[in-house]
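For reference, the structure discussed in these notes is given below.
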Amino acid sequence: MRSTNLVAGEKKFCQRISSIGAKQRVKSSSVDEIVDDAALFKDIPDSFLDISPNSYPLVITFRKLLMMLDGTVGVSFFERFPDLRDLCRGQSFNSRPVALQSLLRAKEVTYEKFCAVYWPHFNDKIKRRLDPSRVFTEIMSRIKGGLQPADGCEGKLDRPAYVSLSEGRVSTLSIQRREEIYDAFEDYEKMKMENDEFDLADIVNDLHRRLFCGQFAGNIVDFVYIDEVQDLTLRQISLFKYICGNVDGGFVFCGDTAQTIARGIDFRFEDIRSLFYKEFLIDSMDGPDKRMEKGCLSKIFHLSQNFRTHSGILKLAQSVVDLLYHFFPLSIDALGPETSFICGEAPILLESENDESAILSIFGNRDFSGNFVGFGAEQVILVRDDHSRNEVSNLVRGQALVLTIVECKGLEFQVNRQYQQSCDFMAVLDRLDVLLYNFFGTSPLKSQWRVIYGYMKEQALLDNSSQWSSPSFDDAKHDILCSELKQLYVAITRTRQRLWICENALEFSKPILDYWKKKCLIQVRLVDHALAEAMQVRSTPEEWKSQGFKLLREGKYPMAITCFERARYTYGERLAKASAFKADADLKHVSNPQEASDLRRQAAEIYETIGMADSAAECFYMLKEYEIAGRIYMGKCGESALEKAGECFSLAQCYRLAAEAYARANIFSKCLSICAEEKLFKMGLRYIEDWKRQGTEKKSKEIEILEQDFLESCALHFYNLRDYRTMMKSVKAFHCIDSMRNLLMRFGCLDELISLEEDFGNFLEAAKIVRMKGDILREVDLLGKSGKNREASMNILWYVLFYSLWAPGSKGWPLKQFAQEEELVAKAKLLAKPEPIAFYEYVSVESSILLNRQNSLAQMKEHLSASSRNGSVRGEILCARNILDFHLRQNISNFCWEYDWLVDPVNYSEQLILGNQISVDSLVCFWNLWREKVVRIIESAGCVKMLVRKENTSCWEFCLNYFGVLEQRNNMQRTYHLLNPDADWVRYVDKRSLQRNGQLVALGLRQLVFAAQKYWYSELTSVGMELLHQLDALYQFLVKSSRSNFWQSRCLAISHEVAKFLRELNCRNHSFQYGKALDGFIETSSERYFGHIFPLDWRISSSENMVPLRGSEASRNLLRETMNMIISKKHFSHGKMGELATLVLGSGMLEDDLYGKIAKSFKGDTSWEAFMECICRDVPSDLPQASNGPVEISLAWNLYRALADAYNANWRTERDYITPICFLYLLERLVILLACSKGQFYTTKSSLVEWLIFHEGLAKPSFSFNLGNCLEPIIQFVTRTVADLLNNKDDTRQWIKNSNLNVMEYYPLLVLKLVLLVCLLHLNFGVSPYFLFDLLGKSWISEQIPREFRRILSRCRRLNLQKISVGVLAEAFEKVDPLVITNSASDCSKCPHAIILDVKSHKRKEEIMEVLFPKDGSAESSCKLQDLTEFSKDSSSSNSAVLLVHLDGANALSLPGQEVGLANEEEKGKLGKLKKPVK
């Protein structure tokens, strides 16, 4: 319900019903004299939370409903207004602030304010073409109040959506009119925002938004009855769905669509049915089948029987409804006509003589004898608008109530008041007469009322005479007719007994009057003295008084004053005048603030004189005269208004009075808050003592809480004054120590809190607080007092480490000694002594490490081992770094070179260190140990938020310990404080990220991790660079002192590995400080290492100590890097191709992707490309495959072709020609590949070693093949090439020189290599010995080979043998490179100087290496090995053998003449499937 009158009547009716049967009848309170919502609903909170059951049934206005919803859901709508925000915030909804209601009234835009304040500011075009009522109705009902806006939007239609409504059947507005109305709406919204005001639609839409986003938390009701529903917009009605979920029968909507004359409302019941279905029923359905369900809507129940009005009035009203049905069928619900059992006279059309106004005829002839009565309290003159009301009021001069049609709505509910006085309905019907004055004469339709004649003709009420001419009905032209008919309907139905119609302009009223006359609905009477007297009814003063209050509640102040004057009720008269002043002030609050203030002052003075202190105080409040308002509240309004008094005094800054008011009201919190804020501490303490003496146990607990808050305020006051001694007196008066702790922690008074804890004997708590200050040594003392010796000892170790690194002036590593160091270490041991022996030993070791005395290597190693056993990351890292630094500081001459083979660096280094010796292996061992720990620290820092492994946690704790970072944990939050913010490592931190937190400096986790990682990256890089320089110096020393190739190669491999690690580290750290230097180390080590793996003297790289080194991961990585460097160069010459082919065959097993890259790099050179494709044939790639047939045939043939192309190239002109080293290496690989096809073959020891390394990288070799015609041209090429190189001495030497090799050093080695190849050609392929003898006969050849080798071969030459004995050649080979005979069928005793490999059962590479390099130093002549190979059954047809690389990578060899039978065909099949080595 909108009307306060209706609510008052309903409340009285409900009270009466609920009192039936009670022993004592409920007395009628002064409900009649309640004049506003605040008084009417003072017992109902502005919230649906915790409503008392006694409040139901809850009878409220719609405005009260909005206030209750606003107080229930989310942030109040009114907090958006600055001058209301402070009033709303923090207030309980049981007692809203003193002036909130007044401010709301002042800021709300009603229709009256819209017309008075806003309409004059619209442009003339809008004002000329549109009616303010129409504009306001469209804004409130359609644009902001329709059903269309969704719950999640702003709650208004946009322009296109609104304009499109013109296309609907119900619309009577054209598109142009809607465009103009939307322009007006936008102007209105802009002005409203500037004025900081709101309208009812704003509240409604805000509530929809809040309720849509959040759950309604208030009390859900079971039944809702909405009366006068036609006065609500659809948007307003849809709010009810949130407070009642009973959609089956919990809603009753009652109203009359013919009465929709409320400003801003456009309504039909059919719209409600649609709304109820969409918004109530559908929204209440849950589940996935929601769309399948059909909501059940009840039918509209028509109250056709009227008990209030007689049939004459109802028939007249129905005639108006018939016109609405005819002209505007969609604007009104189609219902049957109402009926009544009551009979009454037909409405009377008044006519006067001599064209005199009927009003003057009735009221103009006052009887001065005093007999004139005038209209009574239940009689009213209804007019169209305010202008007409003022005009008629001047005519009747207080003899009758004059109201507009809109104002008169609600008067019919007087039946409730009459019902309480008498249950006789018939008595009620004798009252409330209506005189409808000049309705048609003031109508904007004017002559357009003639349109009714058209309807009358259709109804056969008229003939076709021209006197009844009428315009054609047009929706757009006659759209205002709808509202006119509805107003007429409302005016008629206000009547319960007698209705008089008085018109001045018969021209305009004639059509409707003819209509009624034809239907015999009215009678015509001439106004005379008798009729005038019959019309007048005398009312009692009580009736005038009651009507006055009713009009006062509706805001009809002039008429209310008239009623009170007629009742001679001075109080009511003055109350109505004051209320009128206040309402006028609200209307002018924005437009004319000064006049509004004057009006409020007049109202306040009247209120105060008539004893309405509350209203007077409210007016003074609005005038901002807060002290006066407060004194009125405190002195005249009783205890219930003391809180308001306190608010006023607070605003007036009369704080003592405010505290007194709150104290008298027992509002402890506000009283003490005032005392605390205004430093009235003595006053507050006095109140506390008073309340304690007066309070009950329950109240004492409340006082205890309030007292605590107040004492905290006292403490804060003295804290701000820096009077800490007095502050602690207040703190110690707290009720519990937890409160003391919380407050001192909040103030940051850590010293005072520590003293407090120590006073209470809480040493452990004190230690925790000291830790927050970063005072580690004081924490140690307190931990010791609390018995926490272990933690105290650990803290000392932490402090010693941190201070040794980052004491003032120190830049980190190494550890430095300081004055208190030994004393602190001794204290740590003393604290650890009572603990278990293991912990004591741990502290002892850590202490020794931290003291950092000049210990021997053995002692440092012992400390490292102890730290490892104890699980101390700190000890391991410090010891490893100390040992590493020791290595880096040592002179190169102090390094140990006693062994030259690959060993386990950890075990061997440990033995050396314990003997106080160092080596390259020990250097690398401790570098790797220290590096791994540092890398783990960096990784742990990177995942500090998700540390799972204990080792990672330990590393992170060490990192914090190392940097002197204190980690504080508060629940799930962690903060990090720097014990020394000036430490050198903090240079990696952005200074803007440092925040001072008390006496410490705090650092965010992200910045800490960044700085820590940056520091450790820097440490790794700097130490790594030192290591690289040391390794380079060691290499230079080895070269100068002609140390073994093994050590030189080992230093290069290690140097490459370290440099590559540092380069990757720099990339991760985005650092390029040492980029060029590291690239230089990598490139230099790669170039040098190639020379050591493929040296001038080929035998060096095939020595026993070099084989495992070449098989190491470091070596392979280095060679791979060399390959990648070659591949990265775009230009490929014979030199680069030969170098790359040499690396591929001499590097062992490679990754598949590298094979692919290598094969692709040879694109463009047919012979080299084909050769590399053969090697990479079984590597998955998109390269074209080699030719059909066995891989080995293609491999041998294509290697031959590649070497032939390279040899035939013009080596003199080509800038980067293949080097002799690479060419001979590849030529030797070709020879041994050809020899393998013979089954039994001969080779040198060094060549077989290279062969084993070669087969580690070959993909699926299978040598069961017959070279056939391919053999002869390859042998001829090898023989011819060897002859050319030996015979053309000068060219060969020039070739060596062009390759930047030492001719004097390398030429003899080249000659020897070629002579050895000639010998092998003779043994394997039967090349004539005279070819060898001829070469040896040339002095420039024979003089280049070793003397003993030459001597033995010379014997054969002198004998001129057709075939040189294997034994002789073996004897000669023994002098330079031992001969290896595989699978010999001859007597081994004939070749004592050769290495005999009986590969009948050879399987593993290690076993072959034991034969080649026997531990006793002698060459074994035979070796029993497991069966490995499968020979062809037809051995006579082919001397081929199969070489297989087994799962463990070892090579096994098979020789001709040794047939090994297989047990069965199945085993043959198994061997046949072996194609590729498994990596």
Side-chain angles (χ1 to χ4, degrees), residues 36-38 46 63 66-67 69-71 73-91 93 96-123 126 132 135-136 139-140 143-145 153-156 182-210 235-236 263-264 555 581-601 603 618-626 629 647-648 651:
D36 59 13
D37 284 9
D46 281 343
R63 185 179 300 276
L66 294 182
M67 296 301 290
L69 286 174
D70 180 71
V73 184
V75 179
S76 172
F77 168 80
F78 304 108
E79 287 200 21
R80 69 189 63 194
F81 301 104
D83 49 355
L84 295 180
R85 186 178 300 125
D86 295 334
L87 296 175
C88 297
R89 188 178 296 126
Q91 296 291 333
F93 294 106
R96 283 276 178 110
V98 54
L100 179 58
Q101 293 296 333
S102 293
L103 283 172
L104 295 183
R105 284 196 300 267
K107 285 186 171 294
E108 183 185 350
V109 180
T110 60
Y111 174 69
E112 289 75 15
K113 179 178 281 191
F114 178 81
C115 292
V117 178
Y118 287 82
W119 187 254
H121 294 283
F122 289 123
N123 63 56
I126 291 177
V135 173
F136 195 71
I139 291 174
M140 295 298 142
I143 299 177
K144 298 174 71 173
C153 73
E154 296 180 2
K156 65 179 181 181
Y182 208 88
D183 290 338
F185 161 69
E186 291 180 337
D187 292 341
Y188 162 70
E189 288 292 311
K190 183 179 180 181
M191 285 188 283
K192 179 159 60 71
M193 185 176 296
E194 291 173 354
N195 293 339
D196 204 23
E197 295 182 329
F198 65 92
D199 55 38
L200 214 58
D202 293 329
I203 304 177
V204 171
N205 288 326
D206 181 72
L207 285 171
H208 271 292
R209 179 188 58 78
R210 284 188 274 161
R235 190 90 171 141
Q236 292 169 353
R263 307 296 189 182
F581 288 145
K582 187 167 71 169
D584 199 13
D586 292 339
L587 193 63
K588 298 176 179 178
H589 182 74
V590 173
S591 61
N592 195 336
Q594 181 58 51
E595 186 177 352
S597 296
D598 294 339
L599 290 168
R600 284 199 178 94
R601 191 173 304 281
E618 184 179 336
C619 288
F620 282 118
Y621 185 99
M622 292 296 293
L623 289 167
K624 297 186 178 181
E625 296 181 11
Y626 301 117
E647 293 174 21
C648 293
L651 292 171

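One is the number of the first residue; the rest follow in order along the sequence.
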Exercise for review: State, yes or no, whether a side-chain contact exists between F114 and D199 at a heavy-atom distance under 4.5 Å.
Suggested key: no

Point to revise | Heavy-atom check, side chain of V117 versus side chain of E112, under 4.5 Å | key: no

Check your understanding: For K192, which residues count as a side-chain hydrogen bond (donor to acceptor under 3.5 Å, both in side chains) partner, sequence neighbours excluded?
Key -> E189, D202

Check your understanding: Salt bridge between D206 and R209, side-chain N to carboxylate O under 4.0 Å?
Key -> yes

Check your understanding: With a 4.5 Å heavy-atom cut-off, do K144 and F185 have their side chains touching?
Key -> yes

**Study point:** CG-CD1 distance between D187 and I126, expressed to the nearest 0.5 angstrom
**Key:** 5.5 Å

Point to revise | Minimum side-chain heavy-atom gap M67-F78 below 4.5 Å | key: yes

Exercise for review: Search all heavy atoms of Y621 against all heavy atoms of C648 and return the closest pair with its distance.
Suggested key: CD1-SG, 3.6 Å

Point to revise | Close side-chain approach of R63 and L200, heavy atoms under 4.5 Å | key: yes

Review point. Sequence neighbours excluded, which residues qualify as side chain to side chain contact (heavy atoms under 4.5 Å, CB included) partners of S597?
Key: L623

Point to revise | Reported CG-to-OG1 distance for the pair L587 and T110, which is rounded to 0.5 angstrom | key: 6.5 Å

Point to revise | For F77, all residues meeting ring pair (Phe, Tyr, Trp, His ring centres under 6.0 Å), sequence neighbours excluded | key: F81, F198

Revision key, fill the gap. Heavy-atom closest pair (I143 atom, Y182 atom, distance to 0.1 Å) is CD1-CD1, 3.8 Å

**Study point:** K156 NZ to R235 CZ distance, which is reported to the nearest 0.5 Å
**Key:** 12.5 Å

**Study point:** Minimum side-chain heavy-atom gap M622-K582 below 4.5 Å
**Key:** no

Point to revise | 4.5 Å side-chain heavy-atom contact, L207 and R210 | key: yes

Review point. Considering residues at least two apart in sequence or located in another chain, which fulfil the ring pair (Phe, Tyr, Trp, His ring centres under 6.0 Å) criterion with Y118?
Key: Y188

Practice item. State, with a plain yes or no, whether a side-chain heavy atom of K588 is found less than 4.5 Å away from one of S591. Key: yes

Point to revise | R601: side-chain hydrogen bond (donor to acceptor under 3.5 Å, both in side chains) partners, not counting sequence neighbours | key: E625

Point to revise | Results of side chain to side chain contact (heavy atoms under 4.5 Å, CB included) for D598 - residues two or more places apart only | key: Q594

Practice item. Heavy atoms only: give me the nearest A201-M140 pair and the separation to one decimal. Key: CB-SD, 4.0 Å

**Study point:** Between CG on residue D584 and NE2 on residue H589, distance to nearest 0.5 Å
**Key:** 13.5 Å

Check your understanding: If every non-hydrogen atom of P132 is compared with every non-hydrogen atom of C115, which pair is closest and at what distance?
Key -> CB-SG, 4.1 Å

